Amino acid sequence: MSRTAYHKMRNRSLGLLAQRLLFSGKGKIPGRHWLTFCGITLGVFALLTVSSVMNGFDRDMRQRIIGTRAEIRIEGTFGTPINNYPLLVEKLARLPYVKAFSPVVRNELMLVKDEALAATVSFGIDLKQHQKVSPVLLPLFTDNLPSAKNQWLQGLVNGNPTPASFDQNGIILGAALAQSLDANVGDTIQLISPLASQPTPLGMLPKTKKMRVDAIFIAGMPDYDRLYSYIPLSAGQFFSGYENQIDQVELKADNPNQLKKITARLRKDLPDYKVEDWSAFDTNLYGAMKFEKALMLTILCLMFIIAAFNMSGNIFRTIVQKRRLIGILKTIGYRNKDLVQLFLRQGLSLAIAGILCGILLSLILLQLQTNFGFIHFPVGDQPDLVLPVYIKLSDYLLIPLAALLITFLSILLPARQAGKIDPIPLIREIT
């Protein structure tokens, strides 16, 4: 018999023996193997599902922040104002990976209407330029309403100002901010600086300006709706005491999927400025989301490791029950590595079946949620949010591979113990 034929016969015999160890004498899978199979399936299913949901939340939050605060922000070093900003704008216009940009002046001001008082973070903008950067200032027409995949609103819900009318002391308020002031489109409100910085014959007084409510927006983020407002760039410079200065330039990249790379290129091309992408705009929120995802995946991974321990226990039990068979196999020429391979085949066949079943179940559930959105929950004053999911190919490659590695290691230890069994005492027991 040739060496090749011998190895084929040995592999076939190992396969048949592994199948016999997996099934009981009646051809059925024992209950302990079903428990191991279900544990592996649930572990992979939970890891993939939770990871996809956290990816969905991450992408959803990214779209909300970017839609209001832009994708990338350029500031002066150490928080200083940007002087002679038209020169910076000319540089940005020549960069091929910059799609749009808008100069911004940021102020913390007070809004007064009749007896109502509210604080606001007010952004002085060029409306025409900023609409290219932030969709929150575009009208929310019926054709642009989100589908079942992404049921949140962002845009102007009342009013549609032109750049010319907006520059004439117009102001755009967040929906919750307008509600707190009981302000509607067309109303006049007072915008006041909290600091006394304007010299008058009566001494230093706060700067004030009467503004006309031109529109009301909804940002998709309750905190932004309660706090943010937009005013003309000249009005923002007036409250900041600027002449030809701004606080930052917000821009939209040519490829939104490569913001990290584009941010790094901007830092090289603009070394005299501070460049940050959207993840730095709300670091506490973004950091909490990253920590929550890591914590959830760690906890679920521990659950999967428990299922792997169950696999080890099953292999040990099988070795104890089949120790006489192991002794006979060793006496007829099976080597230690053959016995290790035997139990690896038994365990891995069970593990691979559980992993594949977990992948299939997670794909079915996530696809149903994507298409029909049957799981939803309330978010502040906005319509109920459909639970967002985002399936990443990398998750469906890394998580099953990690699960297979964990189960392989959990099988390897007891399988190696089978190779150390001394066949002589077992044969004596038989005789």
Side-chain angles (χ1 to χ4, degrees), residues 64-76 79 81-90 92-93 98-111 119-140 154-175 177-178 183 185 189 191 193 207 209-221 224-253 273 276 278 281-282:
R64 292 168 186 262
I65 294 174
I66 286 176
T68 308
R69 302 283 302 276
E71 295 174 347
I72 300 175
R73 179 175 62 197
I74 302 175
E75 297 178 326
I82 299 175
N83 296 306
N84 198 16
Y85 72 90
L87 294 178
L88 174 60
V89 168
E90 289 180 8
L92 293 174
V98 176
K99 186 175 182 180
F101 48 82
S102 174
V104 177
V105 176
R106 185 180 185 276
N107 287 285
E108 295 182 5
L109 305 172
M110 302 296 297
L111 290 170
T120 181
V121 175
S122 190
F123 298 96
I125 60 169
D126 181 321
L127 181 61
K128 184 177 180 180
Q129 287 293 109
H130 210 76
Q131 285 178 330
K132 300 176 183 178
V133 173
S134 175
V136 77
L137 297 178
L138 295 174
L140 188 64
Q154 190 174 63
L156 299 179
V157 293
N158 194 2
N160 185 14
T162 63
S165 65
F166 178 73
D167 286 340
Q168 301 299 318
N169 295 330
I171 186 171
I172 301 174
L173 302 175
L177 181 59
V185 173
I189 60 177
L191 195 59
S193 171
K207 293 181 179 180
K209 217 174 201 5
K210 286 186 178 181
M211 312 295 290
R212 180 189 65 260
V213 179
D214 275 358
I216 296 172
F217 70 87
I218 185 169
M221 296 278 286
Y224 294 173
D225 290 339
R226 286 193 296 267
L227 194 60
Y228 287 175
S229 64
Y230 294 90
I231 59 176
L233 182 63
S234 59
Q237 291 174 324
F238 165 73
F239 282 105
S240 293
Y242 295 164
E243 293 183 1
N244 193 27
Q245 298 170 305
I246 59 171
D247 290 321
Q248 60 201 41
V249 175
E250 296 182 356
L251 59 88
K252 186 178 184 66
Y273 298 93
E276 296 177 324
W278 69 275
F281 298 168
D282 201 331

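For clarity, every value in this text was computed on a predicted model and none was experimentally measured. Residues: numbered from 1 along the sequence shown.
In this view, Arg73 and Glu75, Glu276 satisfy the salt bridge (Lys or Arg N to Asp or Glu O under 4.0 Å) rule, not counting sequence neighbours. For Tyr242, the side chain to side chain donor-acceptor pair (under 3.5 Å) test picks out Asp247, with sequence neighbours left out. The side chain to side chain donor-acceptor pair (under 3.5 Å) test applied to Thr68 returns Gln154, not counting sequence neighbours. Among residues two or more places apart in sequence or in another chain, the side chain to side chain contact (heavy atoms under 4.5 Å, CB included) test is passed with Glu243 by none. In this structure, the side chain to side chain contact (heavy atoms under 4.5 Å, CB included) partners of Asn83, at least two apart in sequence or on a different chain, are Gln245. Contacts of Glu71 classified as salt bridge (Lys or Arg N to Asp or Glu O under 4.0 Å), with partners at least two apart in sequence or in another chain: Lys252. Partners of Asn158 under the side chain to side chain donor-acceptor pair (under 3.5 Å) rule, at least two apart in sequence or in another chain, do not exist in this structure. Residues satisfying the side chain to side chain contact (heavy atoms under 4.5 Å, CB included) criterion with Asp167, sequence neighbours excluded, are Pro232. Every residue meeting the ring pair (Phe, Tyr, Trp, His ring centres under 6.0 Å) condition with Tyr224, not counting sequence neighbours, appears here in chain and number order: Tyr228.
Once rounded to the nearest 0.5 Å, the distance linking CD1 of Ile66 with CH2 of Trp278 reads 6.5 Å. To the nearest 0.5 Å, the span separating CG on Leu156 from CD1 on Ile216 amounts to 10.0 Å. Here the CG atom belonging to Asn84 is positioned 8.5 Å from the CD atom belonging to Glu90, to the nearest 0.5 angstrom. The structure places CG of Leu109 at 5.5 Å from CZ of Phe239, a figure rounded to the nearest 0.5 Å. With values rounded to the nearest 0.5 angstrom, Lys210 atom NZ is found 12.5 Å from Ile189 atom CD1.
Using modelled atom types, one side-chain atom of Thr120 and one backbone atom of Leu227 make a donor-acceptor pair closer than 3.5 Å. With Asn107 contributing its side chain and Ser122 its backbone, the two residues share no donor-acceptor pair below 3.5 Å. Lys207 places a side-chain N or O within 3.5 Å of a backbone atom of Phe238 that can act as its donor or acceptor partner. Panel note: side chain Asp225, backbone Ile218; no donor-acceptor pair is recorded below 3.5 Å.
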Got a list of side-chain donor-acceptor pairs under 3.5 Å for residues 123-131, not counting sequence neighbours?
| residue | atom | partner | partner atom | Å |
| --- | --- | --- | --- | --- |
| Asp126 | OD1 | Lys128 | N | 3.2 |
| Asp126 | OD1 | Gln129 | N | 3.4 |
| Gln129 | NE2 | Phe101 | O | 2.9 |
| His130 | ND1 | Ser102 | OG | 2.9 |
| Gln131 | NE2 | Leu137 | O | 3.1 |

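Scanning all heavy atoms of the two residues, the minimum distance from Ile65 to Met221 falls at CG1-CE, 4.3 Å. Across every non-hydrogen atom of Leu173 and Ser229, the tightest pair is CD2-CB, 3.9 Å. Here the shortest heavy-atom pairing between Gly236 and Ile231 reads N-CD1, 3.7 Å. Considering all non-hydrogen atoms of both residues, Ala100 and Lys132 come closest at CB-CB, 3.7 Å. Contact record, Pro161 with Asp214: CB-CB, 3.8 Å, taken as the closest heavy-atom pair. In terms of heavy atoms, Glu250 sits closest to Val133 at O-CG2, 3.8 Å.
Put simply, the side chain of Asn244 reaches to within 4.5 Å of the side chain of Pro86, judged on heavy atoms.
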Give the intermediate values and the outcome of side-chain contact (heavy atoms from CB on, under 4.5 Å) for residues Leu191 and Leu111. CA-CA 5 Å; Leu191 195 59; Leu111 290 170; 3.1 Å; yes

Between Leu233 and Ile246, is a side-chain contact (heavy atoms from CB on, under 4.5 Å) present by the stated rule, with each step listed? CA-CA 9 Å; Leu233 182 63; Ile246 59 171; 4.3 Å; yes

CA sep, side-chain torsions, deciding dist, call: Met211, Asn169, side-chain contact (heavy atoms from CB on, under 4.5 Å): CA-CA 5 Å; Met211 312 295 290; Asn169 295 330; 4.2 Å; yes

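Every pair tested for side-chain hydrogen bond (donor to acceptor under 3.5 Å, both in side chains) that includes a residue from residues 230-239 fails, sequence neighbours excluded, so the list is empty. Counting only residues at least two apart or in different chains, salt bridge (charged side-chain N to carboxylate O under 4.0 Å, His left out) contacts with residues 98-107 comprise Arg106-Glu108.
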